[in-house]
2 protein chains.
Amino acid sequence: MSDQLKLDTFICFAVYTASHAFNRVYKPLLDKLGLTYPQYLAMVCLWEEDSQTVGGLGEKLFLESSTLTPLLKRLETAGYIRRERSRQDERVVVLHLTEEGKRLKEKAETVPGCIIDASGRDADQLVRLQAEIVALREALNKSAS
Amino acid sequence: MSDQLKLDTFICFAVYTASHAFNRVYKPLLDKLGLTYPQYLAMVCLWEEDSQTVGGLGEKLFLESSTLTPLLKRLETAGYIRRERSRQDERVVVLHLTEEGKRLKEKAETVPGCIIDASGRDADQLVRLQAEIVALREALNKSAS
DNA sequence: CGACAATAAATCGTGTGCGATATAAAAGCT
DNA sequence: AGCTTTTATATCGCACACGATTTATTGTCG
């Protein structure tokens, strides 16, 4: 059916544009921290658990090393992390938060609240919607693998 | 609360990764058409209504001219569209589907079905979820403007 | 032990995305 | 008409994002 090719009915398009919309809301908040959105995600990941590997971060963020390596180099240049080859396995690069990187967490604490406010939804709605989108993501990833 | 900074609870992260997941499912399908995902969106837009302007397309796709201009030039090089300055207003560029661009629609008809299959969800669920995500997008865009 | 496969990052090329700026045309104003 | 402002695209610089490939190291198997 030709009717299938309607942009406004594509859930993928909704997700694609929502992702951009989130970015626009995050931008002014993250500018104050000197981070881009993907950099912020990497920092959140390290705040949760310091000294992760590039590969470990990639699995959690669903990103390739070809994306992460340059991004992490920028975070290192910014002074937020250190990148060190593992002694046990020289192939692996371990990421450590610097003191400045740890301090940045305090300044980032207010960000999630701003995003929730901008979403115009209450916590329950967001939790439910988030779970549905994660389930969708899992189905897509399974299908693509 | 420090507990706020948990990656797995971020709806933005769910949306961000779901968007990438969609891209991975689309890639092999769109490779056959010689299109990237954003190029595909632009073509869908023109299949719905031919002879739109760059600005009009940008409003529908939520993209800037700095993104669209190079993308549309690639579609022109590929032979799917023509870009022509309007006679009435020389500032405006009008986009016309070529015959090849129109023919491509037939080959694209099967794509949405494949995506729905990959999502592992029935039509009703997708319609509902799509509406929720669009509402979220609108709230975010309103907040950012 | 040594060739070979597997693994982890990094590199490279292409294509988005966007903010800031530039360019050119149209519209508005005196 | 002449000058200013607005509007529509285009250009530029930077930062993703990924597939394909490369490099270096580790693991494996005869």
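Just so we're on the same page: letters track the sequence lines, and every chain starts at 1.
- For A:Ser65 and C:dA8, a side-chain-to-base donor-acceptor distance below 3.5 Å is absent, hydrogens and geometry of angles not being considered.
- For the atom pair CG (B:Leu63) and SG (B:Cys45), the distance works out to 9.5 Å, reported to the nearest 0.5 Å.
- Axis angle, first five pairs versus last five pairs of the helix from C:dC1-D:dG30 to C:dT30-D:dA1: 10°, rounded to 10°.
- Put simply, CG on B:Leu29 and OG1 on B:Thr110 are 7.0 Å apart, with the number rounded to the nearest 0.5 Å.
- Salt bridge status for B:Glu132 with A:Arg128: present, with a side-chain N to carboxylate O gap under 4.0 Å.
- Ion pairing of B:Arg83 with B:Glu76 is present here, as a side-chain N (NZ or NE/NH1/NH2) and a carboxylate O approach within less than 4.0 Å.
- At least one side-chain heavy atom of B:Val44 sits less than 4.5 Å from a side-chain heavy atom of A:Phe10.
- Proximity of B:Gln130 to B:Gln125: side-chain heavy atoms (C-beta onward) are nowhere separated by under 4.5 Å.
- For A:Phe13 and C:dG17, the CZ to P distance is 11 Å, given to the nearest whole Å.
- Using a 4.0 Å cut-off between charged side-chain N and carboxylate O, A:Glu138 and A:Lys142 make no salt bridge.
- If you take CD1 on A:Ile116 and CD1 on B:Ile11, they are separated by 9.5 Å, rounding to the nearest 0.5 Å.
- Nearest-nucleotide positions on DNA chain D place A:Phe62 closer to the 5' end than the other of A:Phe62 and A:Arg87.
- B:Tyr16 and A:Tyr37 have their aromatic ring centers within a separation under 6.0 angstrom.
- Between A:Lys27 and A:Asp31 there is a salt bridge, since a side-chain N of the basic residue sits under 4.0 Å from a carboxylate O of the acidic one.
- One atom, CZ of B:Arg85, and another, P of C:dA25, lie 8 Å apart when rounded to the nearest Å.
- With hydrogens and angles left out, the side-chain atoms of A:Ser66 and A:Glu64 include no donor and acceptor closer than 3.5 Å.
- Interface residues of residues 90-97 of chain A facing DNA chain C, ordered by number: A:Arg91, A:Val92, A:Val93; criterion, heavy-atom separation under 4.0 Å.
- The stretch residues 52-61 of chain B touches DNA chain D through B:Thr53, B:Val54, B:Gly55, each having a heavy atom within less than 4.0 Å of the strand.
- Applying the salt bridge (charged side-chain N to carboxylate O under 4.0 Å, His left out) rule to A:Glu59 yields no partners; only residues at least two apart in sequence or on another chain are considered.
- We find that CG of A:Asp89 is positioned 8 Å from P of C:dA8, with the value rounded to whole Å.
- A salt bridge links B:Lys60 to B:Glu49: one of the charged nitrogens lies within less than 4.0 Å of a carboxylate oxygen.
- Salt bridge status for A:Arg103 with A:Glu100: absent, with no side-chain N to carboxylate O gap under 4.0 Å.
- Under 3.5 Å, the side chains of B:Ser86 and B:Gln88 contain a donor-acceptor pair of N or O atoms.
- Residues from residues 68-84 of chain B placing a heavy atom under 4.0 Å of any atom in DNA chain D, listed by number, are B:Thr69, B:Lys73, B:Arg83.
- Residues from residues 14-39 of chain A placing a heavy atom under 4.0 Å of any atom in DNA chain D, listed by number, are A:Thr36, A:Pro38, A:Gln39.
- With rounding to whole Å, A:Glu64 atom CD is found 6 Å from D:dG19 atom P.
- In this structure a side-chain-to-backbone donor-acceptor pair under 3.5 Å is present from A:Thr77 to A:Lys73.
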